[in-house]
Amino acid sequence: MLTRREFILSAAAMAGTGSALACPAPASSDAEHGVLMLNAACGDPDTPNVFEPAILRINPGDGVTFVPTDAGHNSASKRGMIPEGAAPWNGAIDENLTVEFTVPGIYGHICVPHYEWGMVGLIVVGNDLSNLKSVKKIRHPGSARKVFRALLKDLEAKA
Ligand SMILES: [Cu+2]
């Protein structure tokens, strides 16, 4: 298993490779995970501005590093889309941000500059979908509505 420091270093090295490569797999270990912030979806250049993976399932206590593989992105938790008692986050544009997830449940997050364009994602901690109903109630602008709906549908299908 990678230490957190090794993980962030490998994620940073990967960030330098750019998304022109086919599909850089986010660095991941038992307890440390990566979510890449990309200008275009892996293997689907027609889908711009994505988190890769869009849905990430982890265990309570795991860490997730949001990696600025491409420039101009961040990750921020979406108000109303995280479990009760969980801490919100708001990463700086173009910076690595590591968040530790201790409270089980669904977390919706967005890229602030590309929210309306549908750059959104889900993190599920401890396979706990108990806040699904409240997560679904949140309204979104533009493409975010469609993308969140699709991701949540996917989540429910695999529950
Ligand atoms: Cu973005």
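Along the sequence shown, residues are numbered consecutively beginning with 1. Each ligand, and each atom within it, is numbered from 1 in the order the structure gives.
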Task: Test item: side-chain donor near acceptor, Asn131 and Ser134, under 3.5 Å - done: no

Open item on the list: Ignoring hydrogens and geometry beyond distance, is a side-chain donor-acceptor pair present between His109 and Ser75 at under 3.5 Å?
Closed with: yes

TODO: Go through Phe51 and Leu36 one step at a time and tell me if the side chain to side chain contact (heavy atoms under 4.5 Å, CB included) criterion holds.
DONE: CA-CA 6 Å; Phe51 291 110; Leu36 307 182; over 6 Å; no

Task: Same apolar cluster: Val135 and Ile110, side chain cutoff 4.5 Å - done: yes

Task: Intermediate values then yes/no, salt bridge (charged side-chain N to carboxylate O under 4.0 Å, His left out), Arg145 and Glu116 - done: CA-CA 8 Å; Arg145 183 182 310 137; Glu116 283 183 64; over 6 Å; no

Task: Min side-chain heavy-atom separation Asp62-Val125 under 4.5 Å - done: no

Open item on the list: Within less than 2.8 Å, report the number of protein N/O/S atoms around the Cu ion (ligand 1).
Closed with: 4

